[in-house]
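Step one of this worksheet: look at the structure below.
Throughout, protein chains are lettered first and strands after them, A, B, ... in sequence-line order, and every chain is numbered starting at 1. Bear in mind that the values here come from a model prediction, so they are computed numbers and not experimental data.
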Amino acid sequence: MGKPGDQDRDALIAEASLWLARLDAGRASEQDLDAWREADPRRAAAFAEVATAWSRLDALREAEDEATPRPSRRAWLTGGGAALAAGLAGAAYLERDVLLRDRVTTGVGERRTLALPDGSSVELNTDTEVFWRFDRKRRRLWLSRGEAALMIAHDQLRPFELFTSQGLARLAAGQFNARLRPAGLDLIVLAGQAAVETASGAARAQVVGPADARQALEVTPHGVAVVATPEDEVQSVQAWRRGEIVFEGQPLSVAVEEYNRYLTRKLVIADDKAGSLRLGGRFLTGDPDSFLDALRMTFGVRIVEDGPSRILLKSR
Amino acid sequence: MAWLRDIDRWFAASVLPYAANYRAYARKLVGDEGDAEDLVQEAYAKVLGVAEWRRLETPERFVMTIIRNLAFERFRRAKVVGIRQIGVLEMDALPDPAPDAYAVTSARQELDLVLAALERLPVQCRKVLTLRKMHGLSPGQIAVRLNLSVSTVEKHLAKGLKLLTKALATGDGRSIGKRSSSWANRAIKTETR
């Protein structure tokens, strides 16, 4: 690194970037730049390259001035769902702040809690992705994949909005569980109040006292239904937050589908007879072996190792 | 941009758009990615030192020629030269840089490319660059908005810009491989292979 010509490209680009940022902030003068640049033509080349990248960012500004919606950008952003949300929420979905959102994800089998600055918290279940952004007017959260438990804090001035591919939900202070399914969105109101708007309808649900039945808003492309949530479903919604999974007489095919959400090595039911077994019990999502043991011992299912990506379940 | 001299603007408009061609050609000559990168940087430095740059009719071919000459000089200095490389040099013909290296990129593709590169930046870098370039806030306004000092904003801008420059240089957003072995080592390895 003795003579200026010895610097390698990374260092040159870094230095040129710093010059541009300083000039942009008015903290360096053009004379300073010239003195630095003229000492080595490599610097001039690096600076020109950095300045070109800087100019290419102007494309963002121009794009932003166009009114035309750009579905693929939205798809990139929230996994395809935002286009619908954009149509519904109109101006609420502003492209310009797309890049200002924070993003939190979990991998398969992971759980994670996101503490939000207003005191709300969001717990992400396995294989989940959320984006969020709060400003002076609104608190917005995008669920683009998976399942999340939401504890929404009270804020009179800023409504809380949950965006999904299936529609927009406005949430008052309370506790909710939102799960995206292939067929739609299940939003369970454990406490508080929620109103859902979609392309095909709107509905609201509220749970005031602890004695009230929990409500579920079931959102599909065909409409929104409000149903009282049976206690076992409330149990299973709360179970995942403890790392548990609860079955109450579901067919093995349904149970396996649920359990597979937590597994990278998936369980596969090999025959119909095995699939129609019904099972109940409480299992740990992080301990598939104990689940398999229970299947083998209690239900007489054969467990067949079948390569690195799957395990077969067969009836005897 | 006021910070660019005429020669820089010319360089950005007529030389840089063919960067992918220069790299591919340099790689073909010297094999190693880091060495190829060195050649391209050296060629850039040389072309920016040409007093008569305005009279160059095909600057991109001029750069290719410089790259070839630089490679040849290195071969001589290294003394041991891989057979494959001699072959390339003897063929001698300069490949034609694709005339439309940049032109074929539509505005839309360009936007997607820039967005994709931006999206891969660390969160703070991405926010600061977005506020600056998309929302048009000044560094001072960004500092207030994000509750940072101006010098921190400046650092995020610089870091983001550095990463972005490198991502855009490779076209598909991949970062450039670190330079590995020195030139001489590589040539010898080639010989004894």
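- At a heavy-atom separation below 4.5 angstrom, chain A is approached by B:Val150, B:Ser151, B:Glu154 within residues 146-155 of chain B.
- The closest donor-acceptor contact from the side chain of B:Lys133 to the backbone of A:Trp54 lies under 3.5 Å.
- What you find for B:Pro139 and A:Ala25 is that their closest heavy atoms are CG-CA, 3.8 Å.
- Looking only at heavy-atom pairs under 4.5 Å with chain B, the residue among A:Asp24, A:Val50, A:Leu18, A:Ile13 that has the most is A:Asp24.
- Salt bridge absent: A:Asp34 and B:Arg5 never bring a charged side-chain N and a carboxylate O closer than 4.0 Å.
- Residues B:Leu129 and A:Leu57 share a closest heavy-atom pair of CD2-CD1, 3.8 Å.
- For B:Leu48 against A:Ala45, the heavy-atom pair with the smallest separation is CD1-N, 3.2 Å.
- Between B:Ala12 and A:Thr52, the closest heavy-atom pair is CB-OG1, 3.5 Å.
- Contact of the B:Leu164 side chain with the A:Arg56 side chain is not registered, since no non-hydrogen atoms from C-beta on lie closer than 4.5 Å.
- Neither the backbone nor the side chain of B:Leu121 comes within contact range of chain A; no heavy atoms are under 4.5 Å apart.
- Residues of residues 113-126 of chain A never come closer than 4.5 Å to chain B when only heavy atoms are counted.
- Side-chain atoms of B:Val40 and A:Arg9, non-hydrogen and from C-beta on, never get closer than 4.5 Å to each other.
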message = Is there a side chain to side chain contact (heavy atoms under 4.5 Å, CB included) between B:Trp3 and A:Glu30? Walk through the geometry before answering.
response = CA-CA 7 Å; B:Trp3 311 313; A:Glu30 277 175 57; 3.8 Å; yes
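- Taken from CD in B:Gln41 to CG in A:Leu12, the straight-line distance is 7.0 Å, to the nearest 0.5 Å.
- The two residues B:Leu4 and A:Ala48 come nearest to each other via the heavy atoms CD2-CA, 4.4 Å.
- Within the model, atoms CD of B:Glu119 and CZ of A:Arg103 stand 6.5 Å from one another, a figure rounded to the nearest 0.5 Å.
- Proximity of A:Glu49 to B:Phe11: side-chain heavy atoms (C-beta onward) are nowhere separated by under 4.5 Å.
- For chain B, the nearby part of A:Leu33 is the side chain; its heavy atoms alone come within less than 4.5 Å.
- Highest contact tally toward chain A, considering only B:His156, B:Lys159, B:Arg132, is held by B:Arg132 [criterion: heavy-atom pairs under 4.5 Å].
- Contact record, B:Ala158 with A:Ser17: O-CB, 3.2 Å, taken as the closest heavy-atom pair.
- The shortest side-chain heavy-atom distance between B:Lys166 and A:Asp10 falls under the 4.5 Å cut-off.
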